[in-house]
Amino acid sequence: MELYLKITYLNDFIFCPLSIYYHQLYGDLAERLYYNDAQLDGKAIHEAIDNQHYSTHKNILQGIDVYSDEYKLCGKIDIFDTEKGLLTERKKHIETIFDGYLFQLYAQCFCLREMGYTVNEIRFYSSDDNKIYKVELPENNSKMFEKFIKTNKDMQYFDVDSYIPTSDEKCKHCIYNDFCDRPLSPKSYNGGF
């Protein structure tokens, strides 16, 4: 049986590969234990899509499952207009388009294409300020496409036992810091002693 990883893991993996492990360990049952307010707000923004209440137009696909055999990824898209070939990833608030955000959008694009859809445009939508951020298609940005390929490959073959964190700043802001067995930030060490 082939193993498919979630598209959302791309962003998590770039932040800290261990976050994928901890998310699987704690699952969705105890989100309040480790999700901060911004993450809970972000989940709330997707409810209309997840419940398919964003639009009633037949050409608008919302919250559908997608997969890619080529990249061994699966997940859900936010909104895809089949007539325009327009894929939109909604975020609560965007200040910076991080590589992880972009790679998630690339993955959704590749999944849709493998499933027979034509994707002509990809973009982000920031709901807090009602801004749209158009993004180049992966084939039009070879540098980021190669980074996507490398990141996905690294993620697919990641060895959790050999990973050593390298960014104190990331550890300080990690939602799993209190649960992590190898944080760089002293925040976790002070609580238990």
Does the side chain to side chain contact (heavy atoms under 4.5 Å, CB included) test come out yes or no for D65 and C74, once each step is laid out? CA-CA 7 Å; D65 292 317; C74 64; over 6 Å; no
Would you sort out whether L61 and T82 count as a side chain to side chain contact (heavy atoms under 4.5 Å, CB included), showing the intermediate values? CA-CA 7 Å; L61 302 180; T82 58; 3.7 Å; yes
The test is side chain to side chain contact (heavy atoms under 4.5 Å, CB included); show your working for T151 and Y106 and say whether it passes. CA-CA 12 Å; T151 301; Y106 280 7; over 6 Å; no
Checking side-chain hydrogen bond (donor to acceptor under 3.5 Å, both in side chains) for the pair S162/D159: CA distance, chi angles, key distance, verdict? CA-CA 6 Å; S162 66; D159 177 18; 3.2 Å; yes
Give the intermediate values and the outcome of side chain to side chain contact (heavy atoms under 4.5 Å, CB included) for residues K147 and D99. CA-CA 9 Å; K147 278 181 83 172; D99 288 357; 2.6 Å; yes
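Closest approach of C180 and L18 over heavy atoms only: SG-CD1, 4.1 Å. In plain terms, the two heavy atoms of C111 and L73 that are nearest each other are SG-O, 4.0 Å. Minimum heavy-atom separation, D69 to K72: O-NZ, 2.5 Å.
Under the 3.5 Å distance criterion, the side-chain polar atoms of D12 are left unmatched by any main-chain donor or acceptor of P17. Between the K84 side chain and the D81 main chain, no donor and acceptor come within less than 3.5 Å of each other. Under a 3.5 Å cut-off, the side chain of E114 and the backbone N or O of V66 do not form any donor-acceptor pair. S126 places no side-chain N or O within 3.5 Å of a backbone atom of K131 that could act as its donor or acceptor partner.
Judged purely by distance below 3.5 Å, without hydrogens or angles, the side chains of E89 and Q104 never pair a donor atom with an acceptor atom. Between the side chains of Y22 and D181, at least one donor N or O sits under 3.5 Å from an acceptor N or O.
Shown here are the ring-ring contact (aromatic ring centres under 6.0 Å, His included) partners of Y101, two or more places apart in sequence or in another chain: F98. With sequence neighbours left out, Y21 forms a side chain to side chain contact (heavy atoms under 4.5 Å, CB included) with L25, V160.
For residues 111-143, the ring-ring contact (aromatic ring centres under 6.0 Å, His included) pairs, not counting sequence neighbours, are F80-Y117.
The existence of a salt bridge linking K58 and E83 is excluded, since no basic side-chain nitrogen approaches an acidic carboxylate oxygen closer than 4.0 Å. Taking a cutoff of 4.0 Å between a charged side-chain nitrogen and a carboxylate oxygen, R123 and E121 do not qualify as a salt bridge. A salt bridge links D128 to K92: at least one charged side-chain nitrogen sits closer than 4.0 Å to a carboxylate oxygen.
Between F148 and F110, the ring centre distance stays below 6.0 Å. When ring centroids are compared, F103 and F13 stay outside the 6.0 Å threshold.
More than 12 heavy atoms of other residues, nucleotides or ligands sit less than 6.0 Å from atom CD of E139.
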